[in-house]
K.L.:
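Before we start, here is the structure in question, set down as structure tokens.
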Number of protein chains: 4
Amino acid sequence: MLILMQSDHTKAELAGVLKRVRALKLTPHVIPGKLSVAVGITGNAGALDPHLFDVLPGVREAVRVSRPYKLSGRDFRHEDTVIPIGPYRLGGPDLIVIAGPCAVESEEQMMRIAHAVKKAGAQMLRGGAFKPRTSPYAFQGLGKKGLQLLAKARKETGMPIVTEVLDQRSLDDVAEYADVLQVGARNMQNFALLKDLAKLRKPVMLKRGLSATLDEWLMSAEYLLSEGNKDVFLCERGIRAFSDHARNTLDLNVVPAVKELSHLPIIVDPSHATGVRARVAPMARAAVAAGAHGLMIEVHDRPDQALCDGPQALHPDDFAVLMRDITAIGAALGKTLAAPRYGKK
Amino acid sequence: MLILMQSDHTKAELAGVLKRVRALKLTPHVIPGKLSVAVGITGNAGALDPHLFDVLPGVREAVRVSRPYKLSGRDFRHEDTVIPIGPYRLGGPDLIVIAGPCAVESEEQMMRIAHAVKKAGAQMLRGGAFKPRTSPYAFQGLGKKGLQLLAKARKETGMPIVTEVLDQRSLDDVAEYADVLQVGARNMQNFALLKDLAKLRKPVMLKRGLSATLDEWLMSAEYLLSEGNKDVFLCERGIRAFSDHARNTLDLNVVPAVKELSHLPIIVDPSHATGVRARVAPMARAAVAAGAHGLMIEVHDRPDQALCDGPQALHPDDFAVLMRDITAIGAALGKTLAAPRYGKK
Amino acid sequence: MLILMQSDHTKAELAGVLKRVRALKLTPHVIPGKLSVAVGITGNAGALDPHLFDVLPGVREAVRVSRPYKLSGRDFRHEDTVIPIGPYRLGGPDLIVIAGPCAVESEEQMMRIAHAVKKAGAQMLRGGAFKPRTSPYAFQGLGKKGLQLLAKARKETGMPIVTEVLDQRSLDDVAEYADVLQVGARNMQNFALLKDLAKLRKPVMLKRGLSATLDEWLMSAEYLLSEGNKDVFLCERGIRAFSDHARNTLDLNVVPAVKELSHLPIIVDPSHATGVRARVAPMARAAVAAGAHGLMIEVHDRPDQALCDGPQALHPDDFAVLMRDITAIGAALGKTLAAPRYGKK
Amino acid sequence: MLILMQSDHTKAELAGVLKRVRALKLTPHVIPGKLSVAVGITGNAGALDPHLFDVLPGVREAVRVSRPYKLSGRDFRHEDTVIPIGPYRLGGPDLIVIAGPCAVESEEQMMRIAHAVKKAGAQMLRGGAFKPRTSPYAFQGLGKKGLQLLAKARKETGMPIVTEVLDQRSLDDVAEYADVLQVGARNMQNFALLKDLAKLRKPVMLKRGLSATLDEWLMSAEYLLSEGNKDVFLCERGIRAFSDHARNTLDLNVVPAVKELSHLPIIVDPSHATGVRARVAPMARAAVAAGAHGLMIEVHDRPDQALCDGPQALHPDDFAVLMRDITAIGAALGKTLAAPRYGKK
């Protein structure tokens with residue numbers, strides 16, 4: 001922590017700052033400057049709250065020198081986290097692709113699409129049973145029935161299933177069926193839900209909130225890690241900026257940033273990031289080239305009949321072409337599409 | 001709904017669009033243009049989902065002509081909603097000020113501040129018992145004990161209390177004690193929580209999400225209204241933009257926009273919008289001048305000891321000056337600070 | 001400047017940093033921390049470029065402790081700048097209102113509107129002779145002819161005129177006629193133009209760029225001040241954020257921020273900030289309540305025939321109502337609409 | 001154009017709208033709706049200005065159905081623009097890489113780096129002679145001397161040179177030396193400069209403004225095309241959003257969007273988009289995978305001594321690795337790094 005005094009601070013105000021630092025059993029270092037004075041602080045075990053100091057008279061600003069997160073950062077754990085999910089491992093050299101429809105709509109739809117994405121090379125299956133919808137009048141998902149259909153698709157194809165948990169009330173049901181629990185963008189700072197998830201011992205995929213900074217995202221991961229759930233991975237799905245040519249602005253820059261600052265795996269969802277089918281493949285390829293550990297992609301064989309987000313769903317044939325392309329791009333970077341690592345689940 | 005065809009669409013594609021419109025029992029109107037063709041649709045009872053059409057081949061875009069919300073819009077209810085809260089009425093000509101500390105910290109702190117804000121003219125009392133915090137290591141609130149202290153402050157001062165409900169699990173407790181249930185910015189699209197709140201018959205204050213458009217905000221209000229809870233009001237508290245000179249960017253432009261499009265009352269929280277004490281009063285004055293129905297302001301008599309958001313809390317003396325200023329500004333616009341309307345509660 | 005070392009920096013890397021600091025004739029202060037080491041620097045006359053240090057191996061970040069601007073900041077000049085413009089003074093306790101049409105369209109239009117805004121109490125007259133337009137096919141202004149019409153309106157009404165300078169080529173012409181040279185939002189970082197303006201001795205109104213931070217804005221003012229043009233004032237006109245309910249997002253928060261950090265006057269343009277007539281008055285009132293030194297407002301008596309921005313122009317009758325309202329709000333804050341101070345020009 | 005009437009419009013207001021449409025020699029089509037009425041307009045040659053209609057009483061909104069640009073859009077020219085630059089062609093299947101230092105600093109520096117980037121496979125050379133700097137106290141470039149050094153480097157290496165034109169005054173000089181004239185992000189809407197550039201017959205690289213929408217970007221290209229300069233290409237270099245983990249937010253989504261809507265080539269500048277050396281290569285690879293026609297990359301062999309933007313410059317060795325990687329990624333997508341097409345210039 002570095003405390004910057006106002007240019008017209010008084011001696012008494014500086015003394016007040018030093019007193020507070022010492023009261024916290026920390027050591028102040030006064031650094032005189034041309035226009036003002038700064039006070040460096042040492043001796044703290046973790047990050048300090050700037051508000052301990054910037055509320056004092058004469059203080060212009062308290063600048064955090066350490067990062068606010070611990071367990072999700074590289075300073076406390078240097079090696080990459082690698083998460084076993086069914087027969088796969090996410091976070092290492094393998095590329096993992098999670099594919100499937102936006103929402104589970106019917107048994108027939110789910111089985112058709114599950115087989116199609118498996119054939120094209122996807123390792124895991126997605127599908128929403130509980131859907132967060134902007135409008136109360138929109139399709140809200142099949143609920144528990146959807147979870148059972150996902151489980152049936154897993155049984156038929158052997159693919160682990162990834163599905164969203166919307167609230168505390170349905171958490172137990174979702175946890176019973178899912179291999180990976182997805183936290184959606186709108187729930188990234190639903191701290192009550194995060195605390196409940198932290199107590200489980202199931203992998204959690206934490207999507208980035210539409211207006212979340214990287215620090216805030218890693219702090220939400222910290223909620224999960226701090227209670228002992230180590231199997232957390234991140235998913236970039238586009239942020240909200242002024243751009244109006246796409247549903248969201250995909251922030252691929254965050255992929256190398258996450259890999260530098262955190263040990264947690266990061267994948268990318270180009271479907272929600274673009275909202276438009278024709279741009280899903282370019283952004284999926286770009287995500288792999290940027291170094292993402294995997295992708296999450298919406299696929300539907302009858303997108304014009306989809307109950308949710310049809311315009312962004314890839315047709316299975318286009319998905320197969322994309323899988324071929326990312327295999328080639330991955331190869332150029334020394335990555336391979338994952339095959340099962342340690343035996344069938 | 002207006003459907004814009006691509007400039008190189010085929011006759012078959014146009015026929016496909018007309019077929020779908022008619023399949024929905026609606027009427028298509030073909031409008032030939034210089035470069036392309038548009039299809040207007042009439043006959044629909046409510047808003048149509050653009051995705052019913054933009055997934056069809058040959059379609060460039062489906063433009064919504066009606067707004068997506070109904071019950072929260074002026075088209076379905078022209079007169080302003082006025083909400084009785086204790087002896088006050090929010091949404092009419094009166095100015096309502098909700099004031100108090102960020103968090104309930106102790107009985108002594110709560111009583112001191114409650115009396116101070118009442119003396120300065122505030123009508124309602126705020127205080128967080130359950131606090132959403134970016135960091136799992138930060139103070140999370142006193143919980144149920146905090147609610148009981150709020151109730152005690154209400155008993156002593158007669159002020160209705162406004163406090164945040166964080167999750168479904170604590171909802172019953174909060175609803176038992178609070179006069180107004182506050183939904184925080186991070187929960188604006190926690191649809192599960194909104195559905196539960198919609199079943200109550202208590203006023204709900206819905207804060208705007210950090211990256212919520214006006215349509216999304218009113219759609220969240222729609223979740224509450226569509227289940228029968230009519231006593232909903234909105235609270236602008238700053239959005240996330242690129243600006244770095246303040247914690248958030250207060251979007252006062254939204255005040256006249258809400259009043260034009262919706263019948264719901266809107267108040268402004270200048271404390272979270274600025275994050276800095278010295279800017280709270282200017283933004284509070286500006287909010288009143290812009291036409292807000294009220295304000296929500298954080299006040300603390302010992303801000304350097306506050307457990308939460310001390311730097312943005314006004315001292316009671318400064319709050320009293322602000323109350324005098326907004327009384328004068330309100331008078332210039334024909335508004336008065338509310339006094340009890342229909343007897344003590 | 002504070003240099004933060006990476007947590008795994010080597011002794012040689014730290015030595016390299018100290019060597020560079022001393023090579024610049026500055027003094028390093030090593031501050032050991034729990035996880036890493038920071039180096040404070042003292043002895044510098046002005047702001048240092050962080051890139052002098054963050055390019056060195058082992059350095060995580062170089063944090064600027066001083067602000068990048070000098071002449072536009074309070075540290076170098078504490079008292080408010082007050083700019084004489086014709087018989088008025090901008091930047092002191094007076095409220096100044098600049099009003100008129102978006103563009104000069106004809107002699108008749110200009111005279112009609114000039115008299116109308118004068119009658120309502122405006123002190124200065126605006127009107128664009130050179131118009132920056134997003135489309136090459138839109139009306140680009142009357143050019144020199146427009147300047148002459150503005151001069152004629154000044155002669156008739158006695159009002160100083162404010163008009164935009166678009167480029168270096170038309171600068172001399174505009175400077176010959178205008179009392180205040182307006183730099184538009186799109187030119188805020190047209191440094192070549194700023195350098196030319198800095199050599200003049202005419203007041204400059206510097207609008208904020210659509211995506212300019214406060215630091216960048218004050219740095220652009222610095223271009224003007226550093227060459228000796230002291231009569232600079234700022235104009236907030238809305239920034240670009242994700243919001244879609246208004247043309248721009250008016251950032252009134254920046255008004256108290258500017259007044260805290262800079263001695264330069266700041267006014268607000270609610271017309272461009274909203275783009276919609278019905279929201280101009282609420283935002284104009286809010287700007288005055290927030291503490292702005294003045295307003296710039298578009299007025300047109302036949303807005304449906306305006307060649308530019310008709311939808312945001314106030315009718316003279318509505319403008320007169322607004323003037324009455326801001327007079328009352330100003331009075332509540334101890335401000336008065338300016339009357340001439342030191343005789344007719 | 002589609003005109004949406006307010007829900008409470010009067011018959012007289014609707015008649016007024018129809019009258020105006022017919023006065024413009026266009027055809028109105030009334031479309032009755034559940035809540036209101038819409039009026040479609042046909043018969044117009046180009047895009048109509050919405051303000052012709054939304055200023056009329058009773059009108060809620062005028063929605064543009066055609067796009068505002070013509071010459072830069074696909075509707076008026078379907079086939080891709082391919083621009084010959086020296087012995088290369090930009091916009092076709094070839095990948096083009098423009099590399100070099102941020103600023104020309106000295107003859108020795110320029111020659112060293114020119115040879116290094118040529119050896120690694122870059123086809124064109126960049127280097128700023130006139131530099132736009134946020135601060136008036138920062139290095140502003142060598143000016144004409146810099147242009148002469150660039151010309152010398154071209155003579156020695158055979159590489160076409162790309163350099164920025166900052167203002168009208170230096171335009172002739174820059175045009176005399178450069179093979180491609182670069183318009184920087186801050187000048188994207190400097191319409192006076194664009195008009196001057198439009199009269200030249202030299203390729204122009206138009207960078208996207210920090211807060212420019214795709215429509216605005218293509219409208220600025222339209223300024224160039226409408227005066228007859230056909231050789232225009234676009235460069236995405238990051239936009240301004242709330243993210244603070246990188247200097248800018250690279251919007252790769254815009255690459256497929258541009259290719260869909262426009263025939264103009266688009267390249268990506270990952271150096272300014274990230275501002276941090278370690279993220280340049282991931283974003284450069286991603287840009288190629290997303291389908292960009294080329295890259296512009298800053299390279300410096302002594303970045304810690306660079307006078308400008310050292311932290312984002314790649315070392316020549318790292319640049320060579322990147323060239324190898326993008327060759328492999330390009331190959332996976334059927335693209336090859338360009339070799340000269342039609343003989344030495």
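Letters A, B, ... are given to chains in the order of the sequence lines, protein chains preceding strands, and every chain is numbered from 1.
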K.L.:
Need one label for C:Val276: side chain, backbone, both or neither, based on atoms under 4.5 Å from any heavy atom in chain B.
P.N.:
neither
K.L.:
Which bit of C:Arg324 is near chain B, if near means a heavy-atom gap under 4.5 Å: side chain, backbone, both or neither?
P.N.:
neither
K.L.:
Take B:Arg74 and B:Asp80 through the salt bridge (Lys or Arg N to Asp or Glu O under 4.0 Å) test and state the conclusion after the steps.
P.N.:
CA-CA 9 Å; B:Arg74 290 261 184 212; B:Asp80 288 349; 2.8 Å; yes
K.L.:
Name the region of C:Leu333, side chain, backbone, both or neither, that has any atom closer than 4.5 Å to a heavy atom of chain B.
P.N.:
side chain
K.L.:
Could you have a look at B:Ala278, B:Ala284, B:Ala257 and say which one has the most heavy-atom pairs with chain C under 4.5 angstrom?
P.N.:
B:Ala257
K.L.:
For C:Asp215, which atoms come within 4.5 Å of any heavy atom of chain B: side chain, backbone, both, or neither?
P.N.:
neither
K.L.:
Looking at B:Ser243 and B:His245, would you say the former's side chain and the latter's main chain have a donor-acceptor pair under 3.5 Å?
P.N.:
no
K.L.:
Among C:Gly330, C:Ala286, C:Gly291, C:Ala287, which residue forms the greatest number of heavy-atom pairs with chain B at distances under 4.5 Å?
P.N.:
C:Ala286
K.L.:
Does any heavy atom of chain B fall under 4.5 Å from the side chain of C:Arg208, the backbone, both, or neither of them?
P.N.:
side chain
K.L.:
Quick test of your reading of the model: are B:Glu298 and B:Arg126 salt-bridged, counting only N-O distances below 4.0 Å?
P.N.:
yes
K.L.:
Quick one: of B:Leu250, B:Leu261, B:Asp325, B:Ile239, who has the most non-hydrogen atom pairs under 4.5 Å with chain C?
P.N.:
B:Ile239
K.L.:
So how far is it from C:Trp217 CH2 to C:Lys207 NZ, rounded to the nearest 0.5 Å?
P.N.:
10.5 Å
K.L.:
Any heavy-atom pair between the side chains of B:Lys335 and B:Val288 that's under 4.5 Å?
P.N.:
no
K.L.:
Please rank C:Asn248, C:Thr249, C:Asp251 by heavy-atom pairs under 4.5 Å with chain B and give me the top one.
P.N.:
C:Asp251
K.L.:
Any idea which of B:Ala328, B:Ser211, B:Ala331 has the most non-hydrogen atom pairs under 4.5 angstrom with chain C?
P.N.:
B:Ser211
K.L.:
Using heavy-atom distances under 4.5 Å, tell me whether B:Thr327 contacts chain C through its side chain, its backbone, both, or neither.
P.N.:
neither
K.L.:
Please classify the contact between C:Ala290 and chain B as side chain, backbone, both or neither, with a heavy-atom cut-off of under 4.5 Å.
P.N.:
both
K.L.:
What I'd like to find out is whether the side chain of C:Pro316 reaches to under 4.5 Å of the side chain of C:Val117, using heavy atoms alone.
P.N.:
no
K.L.:
Top residue by heavy-atom pair count (under 4.5 Å) with chain C, among B:Asp244, B:Leu214, B:Val254?
P.N.:
B:Val254
K.L.:
Let me know if C:Ala212 has heavy atoms under 4.5 Å from chain B in its side chain, its backbone, both or neither.
P.N.:
backbone
K.L.:
Is it the case that C:Glu222 and C:Ser72 place a side-chain donor and acceptor less than 3.5 Å from each other?
P.N.:
yes
K.L.:
Mark yes or no for whether B:Arg277, through its side chain, and B:Ala313, through its backbone, hold a donor-acceptor pair below 3.5 Å.
P.N.:
yes
K.L.:
Please classify the contact of C:Asn253 with chain B as side chain, backbone, both or neither, using a heavy-atom distance under 4.5 Å.
P.N.:
both
K.L.:
Output yes when a side-chain donor or acceptor of C:His293 lies under 3.5 Å from a complementary backbone atom of C:Ile266, and no otherwise.
P.N.:
yes
K.L.:
Check whether any side-chain heavy atom of C:Glu236 lies under 4.5 Å from a side-chain heavy atom of C:Val258, and answer yes or no.
P.N.:
no
